Amino acid sequence: MSEKTPEKDAVVKKNFIRQIIEEELKEGKNDGRVHTRFPPEPNGYLHIGHAKSICLNFGTAQEYGGITNLRFDDTNPSKEETEYVESIKKDVRWLGFDWGEREYFSSDYFDNLYAFAVKLIKADKAYVDDQDAETISAQKGTPTRPGFESPHRERSVEENLDLFERMRGGEFNEGEKVLRAKIDMASPNMHMRDPILYRIMKTPHHRTGDKWCIYPMYDFAHGQGDYWEGITHSICTLEFEVHRPLYNWFIDQLKEGEYRPRQIEFARLNLTYTVMSKRKLLELVKENYVNGWDDPRMPTISGLRRRGYTPESIRNFADRIGVTKVDGMIDVALLEHSVREDLNKKAQRVMGVLNPLKVVITNYPEGQVEELDAVNNPENPDAGKRKVPFSKEIYIERDDFMEDPPRKFFRLAPGREVRLRYAYYLTCNEVIKDESGEITALHCTYDPETKGGNSPDGRKVKATLHWVSASNNVEAEVRLYDRLFLDEEPDGHKDRDFKEFLNPDSLTVLKKCYLEPFVKDAKPLDSFQFERLGYFNVDPDSSTDQLVFNRTAPLRDNWSKFKGK
RNA sequence: UGACCCGUGGUGUAAUUGGCAACACGUCUGGUUUUGGUCCAGAAGAGUCCAGGUUCGAGCCCUGGCGGGUCAACCA
């Protein structure tokens, strides 16, 4: 356990939720239990915002010796699917969290919920309303104007019981009747104005099949699930703040002893240059702006995984951004920093040329091949060394040569000497062009005295270039990713659709890239650092005869910054 | 004309719960370097939304403003 990560090292900052928990612990509340839950609706893939919530729920419980349930909030059969359930479980596990045997579904509680509804009716705290959605909505008033009561509000308990029973029996059509709580139509809080508890939906459910044709609303299911599972802290996002009085109202009707779950809200994650709403992400997928939920440009957990992000890097990121009630916007640079930091420690180094320029070393013996020593990871001596083949013809990066270099360009240019990493000093003598003036090759000479990259006379070079042998390499496809949107907050503009800000160059596919032979047996998701370029991992699209790499993140690069000025 | 929540460098979080604002990212210098990476050293950048008040002392407490967000789905 000598490995140092911010995760382990960080002085654990006490966010406001931990402060609340510690105060409660001091008071002896819940017998010292801390029990949280992560409650996704299985109607889409998880994204980095959910990762924040997952880390918060599981991490907080862990810290206080508690546990966390996974609960699928599946009260709306028209949107929810088993495919999403599976992807969610995979993502939570991949992030490194375990819910043990405690895998629940809101649909597990349909019987209990029904019984609870009957109890409310008997207590004259719920009634069946025959009005249609528009009428009910109109009666609800507005945030600034109170609502007025439904003409069916004072039905007898017997009639309500009968009607509700028949709703369940399938006697009515969708929209004909709903069950509502009888609370206060004049409440300043809209959610307390006789909220709907049950609606009729003649849609089969992914788990209960056609057993039910009435389904509970979120508000009528969530808190009760918390209560029945013994949840102590029900952590959710800010927009549920106004639901809290209703959450508590239901718990009040339900609770028998002292115990009650407590809802606490925190600010959801917003990241620059992306969108985070499931609806918008679904739109990108459905309309083929990206290639599926796990497209490496997506902020989904599956997308980040495919892109080459590690669970550690995401957890560290979640740690760093903290937890508050301030609705802010995190710079995506912080996310990128988190992967680089993690991959810098772990990634196998390798040389790869993305935009090849051929170099002929005129004084190197024809047909000779040398196996040169290369360090696998300078950050980790235990990673050892490997051999890289060197030959008369090699490829270098086109960007590493300029015929007419500006000041501050340290790399190869006519008459200039540079180092080929782990190989020799190289001097450019001649630039070969085709009839259109395009540079097609360089004729260079090497200094045999500089094998390994050091000159016996101590002469210095200003640059070290990566290279790949032209005769012994692996050809691969490399996919370069840039931010999906050109605007910091694509969905932050009134009257403009977020898709207007899509970056047309968010994906660049390079078909003929040359990598050193070391990568030939790489498996999907394996991460590498292509020296001087960035972190890359193997895409699942790879096959044995066609390797495909994704660029996870480029290396920090002062030259390109300078160049851009 | 409502209710609830929020307001600390460019961004995100801290501040021993009242003792003259710290850390990270980003930015900019410089050093080391066989990755223009990493690493190291340093700098700029907020006087805590505003105005009053309490106090020896306020980012923390009180009052009043201002600004932002959320709430009017038979979605979650």
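All values derive from a computational prediction rather than experimental measurement. Chain letters run A, B, ... following the sequence lines, proteins first, then strands; residues in each count from 1.
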When the P atoms of B/rG26 and B/rU11 are considered, how many whole Å apart are they?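 16 Å, rounded to whole Å.
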In whole Å, what separates the C1' atom of B/rC61 from that of B/rA46?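 Pairwise C1' distance, B/rC61 against B/rA46, rounds to 23 Å.
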Residue met sooner reading RNA chain B from 5', once A/G175 and A/V326 are mapped to nucleotides: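 Taking each residue's closest nucleotide, the earlier one in sequence belongs to A/V326.
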Residue mapping more 5' on RNA chain B - nearest nucleotide basis, A/R145 or A/L334: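 The residue closer to the strand's 5' end, by nearest nucleotide, is A/R145.
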In whole angstrom, what separates [X]'s [atom1] from [N]'s [atom2]?
X	N	atom1	atom2	result
A/D319	B/rU13	CG	P	14 Å
A/N558	B/rG31	CG	P	13 Å
A/K325	B/rU8	NZ	P	16 Å
A/F38	B/rA76	CZ	P	16 Å
A/D184	B/rA3	CG	P	15 Å
A/I17	B/rU13	CD1	C1'	14 Å
A/R244	B/rC5	CZ	C1'	9 Å
A/L269	B/rC25	CG	P	18 Å

List for me each residue that meets ring-ring contact (aromatic ring centres under 6.0 Å, His included) alongside A/F401, sequence neighbours excluded, and say none if there are none.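 Here no residue qualifies.
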So does A/E22 pair up with A/K26, basic N to acidic O under 4.0 Å?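 A salt bridge is absent here (no side-chain N lies under 4.0 Å from a carboxylate O).
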May I ask you to check whether A/E397 and A/H466 show a side-chain donor-acceptor distance below 3.5 Å?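 Judged by distance alone, the side chains do pair up.
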Identify all pairs in which a protein N or O lies below 3.5 Å from an N or O of nucleotides 38-47 of chain B, and state each distance.
from   : atom 1 : to     : atom 2 : distance (Å)
B/rU38 : OP1    : A/R556 : NH1    : 3.2
B/rU38 : O2'    : A/N344 : ND2    : 3.1
B/rU38 : O2'    : A/E379 : OE1    : 3.3
B/rU38 : O2'    : A/E379 : OE2    : 3.3

Is A/E379 close to A/R349 at the side-chain level, that is, under 4.5 Å between some pair of heavy atoms?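 When only atoms from C-beta onward are counted, A/E379 and A/R349 do touch, with a gap below 4.5 Å.
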Using modelled atom types only, decide if a donor and an acceptor are shared between the side chain of A/R37 and the backbone of A/E229 within a distance under 3.5 Å.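 Judged by distance alone, no pair lies under 3.5 Å.
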Backbone N or O of A/F409 within a donor-acceptor pair of the A/W559 side chain at under 3.5 Å?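 Looks like no, no N/O pair under 3.5 Å.
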Only stems of 3 or more consecutive Watson-Crick or G-U pairs count here, both distances under 3.5 Å; name the ones for RNA chain B, or none.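 Expected stems, ordered by start: B:2-7 with B:66-71, B:10-13 with B:22-25, B:27-31 with B:39-43, B:49-53 with B:61-65.
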What heavy-atom pair brings A/Q139 and A/M185 nearest, and what distance separates the two atoms?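 Taking A/Q139 first and A/M185 second, the nearest heavy atoms are O-CE, 3.6 Å.
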Check whether any side-chain nitrogen or oxygen of A/T324 sits under 4.0 Å from OP1 or OP2 of B/rU13, and answer yes or no.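 So the side-chain polar atoms of A/T324 do come within 4.0 Å of the phosphate oxygens OP1 or OP2 of B/rU13, strictly under.
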By side-chain contact (heavy atoms from CB on, under 4.5 Å) - contacts of A/H493 (at least two apart):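 Partners of A/H493 by the side-chain contact (heavy atoms from CB on, under 4.5 Å) criterion, ordered by chain and then number, come out as A/D487, A/R496, A/F501.
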Going by side-chain contact (heavy atoms from CB on, under 4.5 Å), name the residues that satisfy it together with A/P146, two or more places apart in sequence or in a different chain.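 Only A/A186 meet the side-chain contact (heavy atoms from CB on, under 4.5 Å) criterion with A/P146.
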Is the ring centre of A/F410 under 5.5 Å from the base ring centre of B/rG36, and are the two planes under 30° apart, so that they stack?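 Yes, A/F410 stacks on the base of B/rG36.
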So which protein nitrogen or oxygen atoms get under 3.5 Å of nucleotides 67-71 of chain B's nitrogens or oxygens?
from   : atom 1 : to     : atom 2 : distance (Å)
B/rC71 : O2'    : A/H191 : NE2    : 3.2

